[in-house]
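These numbers were taken from a predicted model, which means no experiment stands behind them. Throughout, protein chains are lettered first and strands after them, A, B, ... in sequence-line order, and every chain is numbered starting at 1.
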Number of protein chains: 2
Amino acid sequence: MSVASGFQPVPRESTSALITRQLREGIMRGTLPAGAQLSEVSLAAEFGVSRGPLREAMQRLVQEGLVRSELNRGLFVKELDETEIRDLYLTRTAIETAAARAVAHGETVTESLERLRARARAMAEAAAAEDLQALADADFAFHEELVNLAGSPRLHRVHETLMVETRMCLTALQGTYFDPEDQVSEHTRIVEAIAAGDDAAMVREIEEHMQEALDRLVRAAR
Amino acid sequence: MSVASGFQPVPRESTSALITRQLREGIMRGTLPAGAQLSEVSLAAEFGVSRGPLREAMQRLVQEGLVRSELNRGLFVKELDETEIRDLYLTRTAIETAAARAVAHGETVTESLERLRARARAMAEAAAAEDLQALADADFAFHEELVNLAGSPRLHRVHETLMVETRMCLTALQGTYFDPEDQVSEHTRIVEAIAAGDDAAMVREIEEHMQEALDRLVRAAR
DNA sequence: CCCGTGAAGATTGTCAACAATCCGGAGATA
DNA sequence: TATCTCCGGATTGTTGACAATCTTCACGGG
């Protein structure tokens with residue numbers, strides 16, 4: 001019975017894990033806006049489960065830092081002030097520079113670069129088509145790809161949360177205009193720095209990109 | 001009644017948070033050894049609570065990555081093979097280099113350096129006294145201090161988990177001998193690089209320190 | 001001797017009810 | 001009018017019981 005035919009272990013997931021994912025999505029999309037109280041009874045009813053599994057999912061989000069718990073009062077979607085946003089981008093810089101270095105020194109650099117270039121191309125196309133939604137999605141896809149290619153479960157897990165928080169910010173500022181060309185070129189420069197194998201340049205490009213993105217965000221928020 | 005007399009908000013914590021902390025401590029100290037199944041009933045009995053709050057605490061640890069969940073089978077303390085340990089140190093490097101840079105560019109560099117030097121001194125003293133336990137503790141205190149001084153809640157949260165995992169490794173290898181002098185000098189060099197304000201050197205020293213620590217660990221584990 | 005079958009025991013997953021706590025407003029008092 | 005007290009409603013925190021699932025081991029057939 002061992003024919004080695006690439007079967008993956010059945011992906012069954014616990015209910016709390018499923019709920020966690022949906023809640024995280026909701027926070028990301030702004031369906032659950034920052035500062036909102038998460039009522040246990042109403043959410044449990046919405047998911048069609050009892051409060052037990054729902055509370056377990058909540059605790060996961062608390063540990064993740066997306067939800068704040070006030071004892072005997074309730075759970076609230078975490079709000080991000082400017083200090084928090086700066087910290088968010090500081091941490092993203094830490095994770096993504098590490099990821100870039102791992103990619104640059106990895107076994108499959110050429111393949112990785114190909115995938116990153118594809119993501120960058122997708123951004124350029126979205127920018128050319130002036131499709132801001134697609135541009136934002138491609139932007140996220142690029143950064144997720146970068147961290148995935150590093151092949152580090154820890155960097156990946158941390159980054160996942162950071163991206164949710166980032167999306168939270170952008171959702172809150174929906175409708176604001178950012179110059180597409182800047183964004184595209186910043187990403188292209190990152191890829192080329194990785195291709196060049198120049199660690200210092202790589203770090204510098206990512207740092208500048210984060211700084212730019214942070215500035216855009218903070219400026220728009222005022 | 002508003003005399004503004006520096007009271008801090010009562011630190012009341014939820015039961016699941018308290019349990020989480022204790023479980024984490026147990027994992028760290030090896031009381032709950034890697035790979036062990038965490039029985040809900042027995043643990044709940046030990047804590048004197050019912051299974052509800054305990055399960056919530058477990059979900060936090062799952063999210064943190066310290067515990068692995070197998071559906072309908074149970075929860076197990078995560079095991080760290082060599083690949084995992086490498087990833088752990090990769091991530092620690094990412095977090096701690098970022099922290100060091102934040103400290104170096106922070107407002108209170110001189111004060112921060114003082115505290116780091118104090119930690120380094122404590123290590124030197126423990127090494128001189130050949131107290132290996134104290135040396136290990138001082139080592140951890142140094143790295144925790146470094147990340148705390150960065151003042152980043154996100155770096156801090158991630159790092160906390162990483163340190164638990166690191167301690168897990170060392171607990172498993174208890175009794176192994178590491179050269180104290182090497183450890184002390186590596187930390188001193190990190191502090192001095194921060195003092196010199198040389199970003200590149202700082203990153204290099206931390207990377208080398210992590211590499212050394214990783215090598216010591218991997219060598220000892222074989 | 002090996003392998004499939006099935007029941008018993010143990011463990012996890014889920015639920016609905018109970019207890020404790022908090023918030024807001026009505027009423028009383030100075 | 002301002003303030004204190006107390007009560008009702010709502011929400012969270014906790015519990016014990018029930019359902020579903022997995023593991024183990026003995027049994028019987030090939």
A:Thr161-A:Glu64 side chain donor-acceptor pair, cut-off 3.5 Å: yes
A:Arg51 CZ - D:dA10 P separation (whole Å): 15 Å
Proximity to the side chain of B:Gln37 - top-ranked nucleotide from D:dG13, C:dT14, C:dT11: C:dT11
From D:dG13, C:dC15, C:dG13, nucleotide with atom closest to B:Asn72 side chain: C:dG13
Ring pair (Phe, Tyr, Trp, His ring centres under 6.0 Å) involving A:His159 - partner list, sequence neighbours excluded: none
A:Ile190 vs A:Met202 side-chain heavy atoms within contact, under 4.5 Å: no
Rounded interatomic separation in angstrom, taking CZ from B:Arg55 and P from C:dT14: 7 Å
Sugar-phosphate only, base, or nothing, as touched by B:Gly52 at under 4.0 Å among non-hydrogen atoms: base
Interatomic distance, A:Glu70 CD vs D:dT12 P [rounded to whole Å]: 12 Å
Distance, rounded to the nearest Å, where B:Leu75 contributes CG and D:dC22 contributes P: 15 Å
Residue whose nearest DNA chain C nucleotide is more 5′ - A:Leu71 or A:Ser16: A:Ser16
Parallel, tilted or perpendicular, as decided by the 30° and 60° cut-offs, for the rings of B:His187 and B:His209: perpendicular
Separation of atom CD in B:Glu56 from atom C1' in C:dC15, rounded to whole Å: 14 Å
Length of the CD-P vector between B:Glu40 and C:dT14, whole Å: 11 Å
Sugar-phosphate, base or nothing in reach of B:Leu38, heavy atoms under 4.0 Å: sugar-phosphate
A:Ile19 CD1 - C:dG13 P separation (whole Å): 13 Å
N/O (side chain, B:Arg73) to phosphate O (OP1/OP2, D:dT23) under 4.0 Å: yes
Sugar-phosphate, base or nothing in reach of B:Ser14, heavy atoms under 4.0 Å: nothing
Separation of atom CG in B:Leu54 from atom P in D:dT14, rounded to whole Å: 12 Å
More than 12 heavy atoms of other groups within 6.0 Å of B:Arg68 CZ: yes
Closest to the A:Ser39 side chain, choosing from D:dT12, C:dG13, D:dT15: D:dT12
